[in-house]
Trainee: 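This structure is in structure tokens; I'll ask about it shortly.
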Amino acid sequence: MFPEPSPIPFAMACRSRMPGWRALHDFTRIMVVKRGLPDTADVNAFLGAGYSERQILEIVLAIAVKTLSNYANHLFHTPVDAIFAGRTWAD
């Protein structure tokens with residue numbers, strides 16, 4: 001099980017002003033946790049928040065790019081930029 005990531009202040013601030021941020025956050029998390037198998041209710045909640053099926057595919061793309069990036073960085077032991085050093089996970 002992966003540790004819970006620390007919150008991103010910008011997204012947290014935007015979420016309070018933009019209701020769609022919560023739906024985006026929740027659905028993206030569901031896609032990761034459920035390994036790309038959201039329930040119909042999950043999809044309907046996301047679409048009901050004003051998003052489209054195209055944006056579901058954009059989430060899939062973002063998850064895929066992040067996964068590929070993580071795998072490549074782990075494989076080649078890419079050093080973490082100093083600005084992000086406080087967000088690294090212990091093995």
Side-chain angles (χ1 to χ4, degrees):
M1 181 57 67
F2 295 108
E4 187 70 23
S6 59
I8 299 171
F10 175 76
M12 300 271 301
C14 290
R15 206 178 309 147
S16 65
R17 292 186 293 256
M18 299 172 64
W21 275 96
R22 187 68 195 179
L24 177 61
H25 168 270
D26 291 347
F27 188 73
T28 302
R29 184 166 177 77
I30 286 166
M31 287 292 291
V32 172
V33 170
K34 293 185 177 181
R35 299 179 183 201
L37 295 171
D39 300 331
T40 302
D42 299 327
V43 173
N44 289 339
F46 184 69
L47 296 175
Y51 290 97
S52 67
E53 290 180 350
R54 176 184 171 148
Q55 288 163 318
I56 292 174
L57 291 176
E58 290 170 351
I59 291 170
V60 171
L61 176 61
I63 293 168
V65 168
K66 182 61 179 163
T67 301
L68 180 63
S69 171
N70 285 349
Y71 283 15
N73 288 331
H74 293 163
L75 180 63
F76 295 106
H77 306 284
T78 306
V80 176
D81 293 335
I83 195 168
F84 300 113
R87 295 183 178 264
T88 58
W89 295 354
D91 291 333

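This chain uses plain numbering: 1 for the first residue, then up along the sequence.
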Trainee: Taking only distance into account, with no hydrogens and no angle test, what donor-acceptor pairs under 3.5 Å do side-chain atoms of residues 34-41 form with protein atoms, sequence neighbours excluded?
Mentor:
| unit_1 | atom_1 | unit_2 | atom_2 | d |
| --- | --- | --- | --- | --- |
| Lys34 | NZ | Asp39 | OD2 | 2.8 |
| Lys34 | NZ | Asp42 | OD2 | 2.7 |

Trainee: Considering residues, nucleotides and ligands other than Ile83, do more than 12 of their heavy atoms fall under 6.0 Å from its CD1?
Mentor: no

Trainee: Mind listing the closest non-hydrogen atom pair of Ile59 and Met31 along with its distance?
Mentor: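 Answer, listing the atom of Ile59 first, then Met31: CG2-CG, 4.3 Å.
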
Trainee: OG1 of Thr78 to CG of Asn70: how many Å apart, nearest 0.5 Å?
Mentor: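 Answer rounded to 0.5 Å: 10.0 Å.
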
Trainee: In Å, rounded to the nearest 0.5 Å, how long is the span from CD of Gln55 to CG of Leu61?
Mentor: 13.0 Å

Trainee: Between NE2 of His74 and OG of Ser69, what distance do you get to the nearest 0.5 Å?
Mentor: 8.5 Å

Trainee: Hey, does the side chain of Thr28 reach the backbone of Leu24 with a donor-acceptor pair shorter than 3.5 angstrom?
Mentor: yes

Trainee: Please round to the nearest 0.5 Å and tell me the distance separating atom CH2 of Trp21 and atom CG of Asp26.
Mentor: 13.0 Å

Trainee: Tell me if a side-chain donor or acceptor on Tyr51 pairs with a main-chain N or O of Val43 at a distance below 3.5 Å.
Mentor: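 Judged by distance alone, no pair lies under 3.5 Å.
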
Trainee: Check for a donor-acceptor pair, side chain of Thr88 on one end and backbone N or O of Ala85 on the other, with a separation under 3.5 Å.
Mentor: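 Yes: the side chain of Thr88 pairs with the backbone of Ala85.
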
Trainee: Would you indicate whether the side-chain heavy atoms of Tyr71 and Leu68 approach each other to under 4.5 Å?
Mentor: no

